[in-house]
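Data block below; observations after.
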Number of protein chains: 2
Amino acid sequence: MTTPHEGADPDSPEGRGGAAAAIPAAPPGGGRGALDRRRVLGAAIAFIDQEGLNALTMRRLGAYLGVEAMALYRYVPGRENLLDGVVESVIDELYGDPDVHLSASHGWQDYLQRLAHGVRRIALAHPEVFPLVASRPPAAPWVRPPLRSLRWVESFLTALIDSGFTEEAAVAAYRAYSSFLLGHLLLEVSQKGVKISPEDQPEGVPATAAATDLSEYPTVVRLESLLSLDESAAEFEEALENLLERLEIVLAEGRTPRRGDRRR
Amino acid sequence: MTTPHEGADPDSPEGRGGAAAAIPAAPPGGGRGALDRRRVLGAAIAFIDQEGLNALTMRRLGAYLGVEAMALYRYVPGRENLLDGVVESVIDELYGDPDVHLSASHGWQDYLQRLAHGVRRIALAHPEVFPLVASRPPAAPWVRPPLRSLRWVESFLTALIDSGFTEEAAVAAYRAYSSFLLGHLLLEVSQKGVKISPEDQPEGVPATAAATDLSEYPTVVRLESLLSLDESAAEFEEALENLLERLEIVLAEGRTPRRGDRRR
DNA sequence: CCCGGCGATTTACCTTGTAAACAACCTTTC
DNA sequence: GAAAGGTTGTTTACAAGGTAAATCGCCGGG
């Protein structure tokens, strides 16, 4: 039953060779060798992955590394910066993913597909970290999560423009693509997270306590099993393909978005 | 110049009669009359709106209400619960919005359009609060932000089912709709927020300091003006219409999503 | 053998969330 | 009108947590 059905989710951590796990994240006391920024960030990611974001404090992260909290300040200016570094590191795993390319050498659809799945892999590999990617303010307003680095924005835009998109269409595509990725992945990840994480409530809820009178919501009750189904992978694919189709039309028509409005 | 161009964004706070501002949020020392939960939550929202989420502490909120921090604990079990209450209150503004209906009396497209714009109005009215809506764990995994209340889920599902959607299609639509709303609004709101909020840096950046060598990203530089354009309203409308079209096809074909394809 | 400096620790301080005891006031009841 | 009790806000107190500053141990070079 561990294998969902026909094909396991190719983006799930167990479902592949771990290409998205660039930083092996040395075990707690393991590193002994000198600390350095990369190690601190790696430990922070590992720590968040296993303990949750709320559990991350400077003191605990220090302990996790077998060191006092203040030692971390030699490599990280402060907590905020640590979190920024975590976000950056996690997104940087994209560079280590052999299935994601920086340029659209096999067509822009292939490029966008691979990029989307690469990001999804990261999100699923670090469900506790991903919300940070969304909530940390980006460098510039037009660097949108989850593609938070200039390098990827550059890559994205040139890939589309080189494939024939107008500049306006490429920018519009970038926005639509970001929204799509962020919305889907944030919901998928939070859904997964709820299954266990939220302040573990050990006492088995007596099946009547938590539910606040469902009698008012008959449809919800009736569809509960449907609602509880996890079709994330299929939905992601579906929405992604729809987006690509939409972009294909834009490309074919060679105009900005849709709509024939003269812009002043 | 305050009026963008031809038509102002109908969802922006200035752009309408304030239908989305259900809680007037009495000014700081104003209320003097007894505190109560509603007042505390209203103050919290007002406080976050003007000071930002990070600035909210029990002590400061107390001061804002002209009261000691501990007084708040009579009406709110603790900080976490306060935030939950804030989220709930903000979403509840939907009930006070005369342009949003609970049932699809004018067709499901009309229903979804109004609902989407209602949520967008809330997001734009409370840009600092909205991220909370996304990040706070929902009651059940299938209650997805930003439609965080059972009542709206019920409303959504029955609206679609009554309009002829199969149960599966209605649930799929619910998921797609949530993702769309969350992705778009989160990005729109964070983009707006960045313009001022992030730990105001008073010293005028000398125009060369912050920018980390843009020479590597020629396309980004070239398209900067395009990237900085704020076309949120149009993009939202565009994506929403696309979603509705997609649903229309699903409805017409009377099948779940698409997929007749076995993949690979 | 002494020394300067790096890397980590110790101390210390301030902010926050929150428990507990307390005070002030309003209402009820005889 | 006074005693009893409840409601509402305050005071005090403490445990985290972030982080500045001083300190200590160690090590290679003079």
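Below, chains carry the letters A, B, ... as their sequence lines are ordered, and counting in each starts from 1.
- Atom-to-atom, CZ of R37(B) to P of dT7(D) comes out at 18 Å; the value is rounded to the nearest Å.
- Counting atom types as modelled, R59(A) pairs no side-chain N or O with a base atom of dA16(D) as donor and acceptor under 3.5 Å.
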Run the salt bridge (Lys or Arg N to Asp or Glu O under 4.0 Å) check on E68(A) and R59(A) step by step: do they pass? CA-CA 7 Å; E68(A) 293 303 308; R59(A) 297 206 225 265; over 6 Å; no
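- Distance E68(A) CD to dA21(D) C1': 16 Å, rounded to the nearest Å.
- Between N54(A) atom CG and dG18(D) atom P there is a gap of 12 Å when expressed in whole angstrom units.
- If you take CG of L53(B) and P of dT16(C), they are 14 Å apart, rounded to a whole angstrom.
- Note on R60(B): a side-chain N or O is less than 4.0 Å away from OP1 or OP2 of dT16(C).
- In this structure, R120(A) forms a cation-pi arrangement with F236(A), its terminal cationic atom sitting closer than 6.0 Å to the ring centre and no more than 45° off the ring axis.
- Between Y95(A) and W152(A), a ring centre-to-centre spacing shorter than 6.0 Å is recorded.
- Atom CZ of R39(B) is separated from atom C1' of dG9(D) by 14 Å (rounded to the nearest Å).
- Rounding to whole angstrom units, CZ of residue F47(A) and C1' of dG17(D) are separated by 13 Å.
- Base contact: M70(B) has a heavy atom under 4.0 Å from a base atom.
- For Y75(B) and dG9(D), the shortest distance from a side-chain N or O to OP1 or OP2 is below 4.0 Å.
- Residue R79(A) is in sugar-phosphate contact alone, with no base atom involved, counting any heavy-atom pair closer than 4.0 Å across all strands shown.
- If you measure from atom CG of L61(B) to atom P of dT15(C), you get 18 Å, rounded to the nearest angstrom.
- Separating the CG atom of L83(B) from the P atom of dT16(C) is a distance of 15 Å, rounded to the nearest angstrom.
- The side chain of A69(A) sits closest to dT19(D) out of dT19(D), dG9(D), dA8(C).
- Here the side chains of V100(A) and V119(A) are not in contact, with every heavy-atom distance at 4.5 Å or above.
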Under the criterion salt bridge (Lys or Arg N to Asp or Glu O under 4.0 Å), I'd like the reasoning laid out for K192(B) against D230(B): C-alpha separation, chi angles, the key distance, then a yes or no. CA-CA 9 Å; K192(B) 284 225 166 13; D230(B) 182 2; 3.2 Å; yes
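- Closest to the R74(B) side chain, of the nucleotides dT9(C), dC22(C), dG18(D), is dC22(C).
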